[in-house]
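Single-structure report; data block below.
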Amino acid sequence: MKSRLDFLRGTAQLAGEGFLGALDVVEGMHQAVLNPFARLLPFGQLLTRTTDFVYARLREVGHVASSAAIGSLGLYERYLLPRGEDDALPGVSSAWISALNGAVGDHLEATRNPLAVSLAFCRNGHALTLDAATLARELPCANGTLYVLVHGLGLNDSQWEDRDGEDFGTRLERDLGGSAVRLRYNSGRRISTNGREFARALQTLLDSHPRAIERIVLIGHSMGGLVCRSACSHAARAALPWRERLVAAVCLGSPHLGAPLERIGGRLSAALEAVPYTRALAKLTERRSAGVKDLRHGWCSDRDRPRARRDDTAIEPLPPIPGARWYLAAATLAGSSDGTRARWIGDGLVPVPSALGQHADPHQSLQLPAERRHVFRGLGHMDLMNHPRVYERLREWAAD
């Protein structure tokens, strides 16, 4: 959980970067309009130099103001802040910070912004320390079963809960035994980067736990399902022992074949780039996070690259997990119709074929028996995180 100073320092840093980014866009559009005329005017060169000078001074003002704000917060922390009083910031929802990480999380990490979310396993909204004493107390895994819930883009570990304050994890603990943990991560990073770190952290958890964990069930919603796929792929390549204890991996509304909204964003960026007067705006749209861009085609492996550059158009297959099963779930807002429109509207964000990994070309489909796929009718994308009907199916898969 972020502190008051983390929030203020991170916001000040983002505000400075936002000002400079907006200035770059304005300058780019200004130059695109001015340069053709400046070449024709007798004083055009002087006009161009004057414009460059003004933008350079404005940029300096932005740097100074941002540095001063961050520096003053550092002085406050060092000399004026009473020790022990820098508690979590009240009134600022962690949902806002999670959404910010989904949008520009890779930038937050690259610039060491304190608002960047770190990967952690959480219980009751708090990150767990992976030592034997903490795990024995907070994550007993009495019957040797561990459930890991992985959220989607722009969300966090607490958003699995329904109105009653329960989530799939607490229900599975009550109905099937075992213990549930929620993964919190920066969803703006590349999916493969989060998958790799998740795989390593899960192995650390198992190695540190005082009880032998024999059964692991992964449950990923939306991007979280792709993170689970990526983690299993890394575990296979790195021969991590937890892979042998995995009994089920469930993907709820995960865009295995990509998300249409991100494809629209990519096409918009390309269209803006093609016109000189809007080229500066294209740079602005391209600042959406690497995690968002990965959703364009459902990339979850370091080996994934734009389809136009691939010799083999088949997507990365589901990682084989000995003794375990993959389950894919989709939702459609349509209550009964099974027509083409209902399938492509899907849950409002992810079409049914993408969530089920079904492509018109069999070589681009995920190979999975029909009985391990399921469509929930009359539900939206976020319903897949906590709806009772989804839980009933999930419980059957986890107990299978």
Side-chain angles (χ1 to χ4, degrees), residues 101-102 105-106 109 119 148-155 183-203 216 218-238 240 242-243 246 248-263 265-266 288-310 312-321 324-330 346 349-351 353-359 363-368 372-373 381 384:
N101 275 260
D106 54 341
E109 182 181 52
L119 186 141
V148 185
L149 281 66
V150 186
H151 64 75
L153 175 70
L155 303 177
L183 187 73
R184 178 193 298 163
Y185 66 98
N186 180 345
S187 57
R189 300 197 302 172
R190 283 216 66 188
I191 291 173
S192 58
T193 301
N194 281 320
R196 187 184 308 109
E197 187 176 355
F198 173 31
R200 294 170 179 171
L202 184 55
Q203 189 59 52
I216 300 173
L218 301 182
I219 304 166
H221 172 256
S222 194
M223 176 189 280
L226 303 183
V227 172
C228 290
R229 281 181 57 191
S230 178
C232 290
S233 293
H234 179 76
R237 292 194 297 270
L240 297 179
W242 69 257
R243 178 171 165 266
L246 187 63
V250 182
C251 299
L252 304 172
S254 300
H256 300 287
L257 304 182
L261 286 179
E262 165 50 24
R263 292 176 188 168
R288 63 194 187 280
S289 70
V292 171
K293 292 176 182 176
D294 277 347
L295 293 179
R296 185 181 308 176
H297 295 291
W299 294 331
C300 58
S301 169
D302 290 328
R303 302 173 184 177
D304 284 325
R305 54 191 182 276
R307 295 286 184 259
R309 302 179 192 173
R310 300 186 68 168
D312 179 8
T313 58
I315 64 174
E316 182 89 0
L318 290 171
I321 41 181
R325 293 181 176 181
W326 285 96
Y327 297 94
L328 307 183
L349 289 177
V350 180
S354 183
L356 298 182
Q358 294 175 322
H359 195 278
H363 291 91
Q364 297 190 49
S365 296
L366 295 176
Q367 303 305 312
L368 199 69
R372 298 187 199 171
R373 292 184 169 100
H381 191 68
L384 289 169

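Everything quoted here is computed from the prediction, not taken from an experiment.
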Gap between atom CG of Asn194 and atom OG of Ser187 - 0.5 Å precision: 7.5 Å
Over all heavy atoms of both residues, which pair between Gly258 and Pro351 is shortest? Give the atoms and the distance, please. O-CD, 4.5 Å
Val250 and Leu218, any side-chain heavy atoms less than 4.5 Å apart: no
Check against side-chain contact (heavy atoms from CB on, under 4.5 Å), Leu366 and Leu328: CA-CA 10 Å; Leu366 295 176; Leu328 307 183; 4.1 Å; yes
Tell me every residue that passes salt bridge (charged side-chain N to carboxylate O under 4.0 Å, His left out) with Arg373, counting only those two or more places apart in sequence or in another chain. none
Contact between Ser233 and Ser301 at the side-chain level, heavy atoms closer than 4.5 Å - yes or no? no
Flag, side chain of Asn186 to backbone of Gly102, donor-acceptor distance under 3.5 Å: no
Decide side-chain contact (heavy atoms from CB on, under 4.5 Å) for Val292 and Leu153; before the verdict, give the C-alpha distance in whole Å, the side-chain angles of both, and the deciding distance to 0.1 Å. CA-CA 8 Å; Val292 171; Leu153 175 70; 3.9 Å; yes
Closest non-hydrogen contact found for Trp299 with Ile191 is O-CD1, 3.4 Å
Testing the basics here: between Ala199 and Trp242, what is the closest heavy-atom pair and its distance to 0.1 Å? O-NE1, 3.1 Å
Between OG of Ser365 and CG of Leu257, what distance do you get to the nearest 0.5 Å? 6.5 Å
Measure across Gly105 and Ser289 and return the closest heavy-atom pair with its distance rounded to 0.1 Å. N-CB, 4.1 Å
Run Tyr185 and Val150 through side-chain contact (heavy atoms from CB on, under 4.5 Å) and show every step you take. CA-CA 9 Å; Tyr185 66 98; Val150 186; 3.7 Å; yes
With a 3.5 Å cut-off and no angle check, do the side chains of Arg184 and His151 form a donor-acceptor pair? no
Over all heavy atoms of both residues, which pair between Ser230 and Ser192 is shortest? Give the atoms and the distance, please. OG-CA, 3.3 Å
When rounded to the nearest 0.5 angstrom, what is the spacing between CG in Leu149 and CG in Leu183? 10.0 Å
Heavy-atom distance under 4.5 Å between the side chains of Cys232 and Phe198, does that happen here? no
Is Leu240 close to His234 at the side-chain level, that is, under 4.5 Å between some pair of heavy atoms? yes
Reported CG-to-OH distance for the pair Leu252 and Tyr327, which is rounded to 0.5 angstrom: 13.0 Å
Taken in chain and number order and not counting sequence neighbours, the residues that satisfy salt bridge (charged side-chain N to carboxylate O under 4.0 Å, His left out) with Asp106 are none
CE-CZ distance between Met223 and Arg229, expressed to the nearest 0.5 angstrom: 13.0 Å
Working for side-chain contact (heavy atoms from CB on, under 4.5 Å), residues Cys251 and His256: CA-CA 9 Å; Cys251 299; His256 300 287; 3.7 Å; yes
In terms of heavy-atom contacts, His381 and Gly253 come closest through CE1-O, 3.3 Å
Glu197 side chain to Gly195 main-chain N or O, any donor-acceptor pair under 3.5 Å? no
Hey, could you give me the OG/CG distance between Ser354 and Leu295, rounded to the nearest 0.5 Å? 9.5 Å
